[in-house]
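Below is one structure, written out as structure tokens; comments come after it.
Convention: sequence-line order gives letters A, B, ...; per-chain numbering from 1. Atom set for the values below is all heavy atoms of this structure, side chains included, hydrogens, waters and symmetry mates excluded. Being a predicted model, the structure only gives us computed values, none of them experimental.
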Amino acid sequence: MAQAQSVFVSPAVDWWVLVPQIILVGAALGLLLVASLAPRALPGWVSTVVAIATGAAAAIVAAVQWTIWDAAPRPTLAGAFVSDGFSLLLTVLVGVGVVMTALVAHSALDRYDMAPPEFAALLLASAAGAVVMAGANDLIVLFLGLESLSIALYVLIALAGRRASTRESAMKYFVLGAFSSAFFLYGIALIYGSTGSTNLSGIGDFLFGSIRETDYLLLAGTALLLVGLGFKVAAVPFHFWAPDVYEGAPSPVTGYLASIAKAAGFAALARVLYVALAEQGTAWAPILVGLAFATLAVGAVMAICQSDVKRMLAYSSISHAGFVLVGLSAVPAASGLAQWTAGGGDAVSSAVFYLIAYSFMALGSFAVLSVVGPELQSPDPDASAHSFSRYGGLARRRPVLALAFTVLLLAQAGVPLTAGFVAKFEVIRAAIGAGGYVLAAVAMITAVVSAFAYLRVVLAMYAPEGAADDGVSAPAARASRPRWGGLPLTSVFAISLAVAVTVVVGVFPQRLLEWSADAVLSIIL
Amino acid sequence: MGSLLAAAGAGSDFPLLNALIFVPVVGALVVALLPASRPDLARPLGTLFAAVGGALALALAWQFDAADPGFQFESTVSWIPALGISWNVGVDGISLWMVVLTSLVVPIVLAGVDPHHNPKPYTAWMLLLQAGSVGAFVALDLFLFFVMFEVVLVPMYLLIAGWGYEGRRYAATKFFIYTMAGSALLLVAIIATAVLGSPDSGITFDLQTLAEGQFLGQNTARLCFVAFAIAFLVKVPVVPLHTWLPDAHTEAPTAGSVVLAAVLLKLGTYGLLRFGLYLFPEASDWAAPVLVTVGVVGVIWGAITAAMQRDLKRLVAYSSVAHMGFIVLGIFAFTAQAIGGGVIQMVNHGISTGALFLLVGMLYERRQTRQIDELAGIQSAAPVYAGVFTLIMLSSVGVPGLNGFVGEFLILIGSFETRRWWTVVAATGVILAALYLLWAYQRVFHGPPAAADRQTADLRRGELATLAPFVIAAVALGVYPKPLLNAVEPAADKLLEHLEIHSDFEVPDPGDPVVVDHGNGAGEHDEDGH
């Protein structure tokens, strides 16, 4: 016994599995090292290039791993981490998200007074956390990923702390984030107490392999985990931080928060629920349905009440989280193995599809906000930075940008031939397949409510009032700038990418549908 | 099947329907990519593309085999195999005329109506509207239909919001939200129909498979039908889901109003036929009493409200509600004549209401007002305008010899067999239509003209050319509607046969004087009384 304690046998490590994480963490540490030792040797653009290259490398490596291993699961570190289709697809998403965020942020760093190397390093560190979350097969590892992501994000927001609203936003995110982490940890403890394992597959095997009475310890643990992850994905009623934080954070960071941070949270939620707690589906599915109802309704209704575009997008992001929850909650009523495999697959793959589609829409939308922000002049200094009135006449000054934003907004509203529509279609299909007709109907009705919020922005952009306000007639304004004049090319590229993905996936969704379906095979029994 | 034979007989496998959809799309792209320095090219070029679409539609009508009741010119391309979705298009006698109407109306209004500003995006949106509407009329896949049904919203919304009158932003948003609310439930119902109603071989959104198979349980089918019907009834629109229509019509630019009336409203009634009656025969039979009632209420309500209007364009908009109510009555009366009459009336309404909107728009161009009490005695200043207005108005009223009469008469005679009392009430709508239109005509065109009225210019040559197709069609279809009817009848018969097979409904024998529900009576009576 004493002998066994003294010798620590380290688990076998499959280093190939960990390449994306190593790339991300290595680049982050390297940047920090160089920035602190030789700050002058590092011009701003180098950090951006490093961030872009690292994000792209992580995405490419993950894509290659997917191809080589055919999305089959490869557990490593004694089963604490697993590389499977699910984690790899999300790793690709995270990598692309990093690239787009770095592109958009490049031109905004000066404006927000953010040091480029620190920004890039924190971005990569948070991405590493997100990737760990996507592949974590152990609650402790999951927690580590969650904290790496969150702490990097707290600092990322606080980095732009020149404005009071940003500092408040960072503080709020930090306090509530820490609070939710505590819930999450306590949940881990209770689940360990009930099942004797922190390994997700281990918990799953234990629960399926044993016949027990109602286990209140396990239920309490499950509830606490849901609270903790509910905070991260900003599900109602754990959403109170989101609008303030989204509004206060620099727009590129907000885009990252709304897309990648949210996707990582949902990835963790999906894996915990469908791998570890699948047997408890009858217990958590109703909770998820309730969360979905509340999230959809509050997100949509609050979105139409806003007078600030950024805040409106924050609430709309909550409503999109509701749609993902609709997908995730689509657990088949019958708990037979066959139904579970069929229905559960639809549930998670629709959620994954939604997350990917929404990530591009969110990254693109906040990228538009980021480039439009410095141009918005208002005679009323008290008006909020992105108030609707400031968007007046945008279509005249920048017709192409306004069109791109319109496409992204209509995609979020779920208009066909955009990725947003196929995503909604998929979650509704999953819900109906599981018998959730009411939830499906309510979800679509809230989508109509949200559509009103998006239309207000479109109308504001195409309204003539703003053009009259700025005293410049439209032709003169257009003549004074070339087509992309003044817009940073990096952001233009990111926005174009977002719009292109949104439209192409909307018209030809087959490939992404297949990928999402393949990705979830390994986490559904 | 028949479609293959038809295509082979015509000696070509030219994908006519896909061309009808994609020619305007290409046109929209070309127009959008025009250099900013040459906005003057946009409309001529756009008109050209739209007109190519119109020519293709005429070729379609020419090659169409009227004797074949099934779908013709079918073409299927796998689109999203993971979900059993394919790009599946085809026309039958019901959709054929909708396609022709759409493809002809858009080039005419593009050529004839000046948008006044930003011609480039205006033309591009009009072309996309044409493509989307044609797509919706020929879609034989539920997913494809929904995509097209929703996609037409966006150009219409932007046309109203961008080129409309004072209240355009309110009207545009109201239009979008109303229609989207209807289609939200439609999407849920479409998915439910496919998920629950697909054959065991796998999920499919193919209309014919789902409709011929009838795999859904009775209650599910009825629920789904309700969702479908609400979406379409919003579009038609019927009272009380109609309140978006007067606003949208009044605030839309003239071309927008014309396309809205001639094409978009038809999506509702067409949807009821294709995705109501055909897809859910049993549920249609079950819901028919409610739907015919709703139709008749629309006829009366629309007519009375129209009579109360002070704004000429609003009056025309409410007359639309009344006319569309007739069509709903015709569809759910379940006789070949009534359904045929409904389809004919869809075309007629497009012609007469479309032309009325054009005429009101022309008057507004001259006078900057549409208020009936600010106008008087136009007849003496603009006799040609007054003449054309009279003719189109009479066609809208349904005077024999003009197109409106044919459709309304067929609807009334057909409905009388199965829905006698509804028909009696609806027939009063014909009288009311005469009342509100003639009254408005009297106030605007007769009486002592004020100074401004005396200076109202008459129609220019270009405007006459724009109106000419509508006038010719109104007279031609009034005198000789046979070609239209020939194509519609087999399709209507087939639809009724489908209904008989899959529901308790029995088509009454026209020769049998005993009517199913409502006691004795022969159809001839109504002819005399009317």
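Heavy-atom minimum distance, B:I191 versus A:R429: CG2-CA, 3.5 Å. Annotation for B:M180 and A:A413: closest pair CE-O, 3.3 Å, computed over non-hydrogen atoms. Residues B:L185 and A:A441 come closest through the heavy atom pair CD2-CB, 4.0 Å. Closest approach of B:I80 to A:P509, counting heavy atoms only: CD1-CG, 3.3 Å.
Other residues, nucleotides and ligands contribute over 12 non-hydrogen atoms within 6.0 Å of the CZ atom of B:F215.
One N or O on the side chain of B:W79 and one on the backbone of A:V507 form a donor-acceptor pair closer than 3.5 Å.
With a threshold of 4.5 angstrom between heavy atoms, B:I190 does not approach chain A through any atom at all. Neither the backbone nor the side chain of B:L153 comes within contact range of chain A; no heavy atoms are under 4.5 Å apart. In this structure, the portion of B:V154 lying under 4.5 Å from any heavy atom of chain A is its side chain and not its backbone. Residue contact with chain A, scored on non-hydrogen atoms closer than 4.5 Å, involves the backbone and the side chain of B:I177 alike.
Rounded to the nearest 0.5 angstrom, B:T173 OG1 and A:L459 CG are separated by 4.0 Å. Distance check, rounded to the nearest 0.5 Å: CG of A:L410 to CG of B:L158 gives 7.5 Å.
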> Can you list the steps and then say if B:F143 with A:F421 is a ring pair (Phe, Tyr, Trp, His ring centres under 6.0 Å)?
Replying inline: CA-CA 11 Å; B:F143 183 91; A:F421 170 68; 5.6 Å; yes
>> I'd like to know whether A:Y437 forms a side-chain contact (heavy atoms from CB on, under 4.5 Å) with B:V188, so could you lay out the CA-CA distance, the side-chain angles of the two residues, the decisive distance to 0.1 Å, and finally the verdict.
In response: CA-CA 8 Å; A:Y437 308 110; B:V188 175; 5.8 Å; no
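Counting heavy atoms from C-beta on, the side chains of A:F425 and B:F146 never come closer than 4.5 Å. Contact check for B:Y157 versus A:L455: side-chain heavy atoms found under the 4.5 Å cut-off.
Ranked by non-hydrogen atom pairs under 4.5 Å with chain A, the options B:P81, B:A192, B:A181, B:S183 are led by B:P81.
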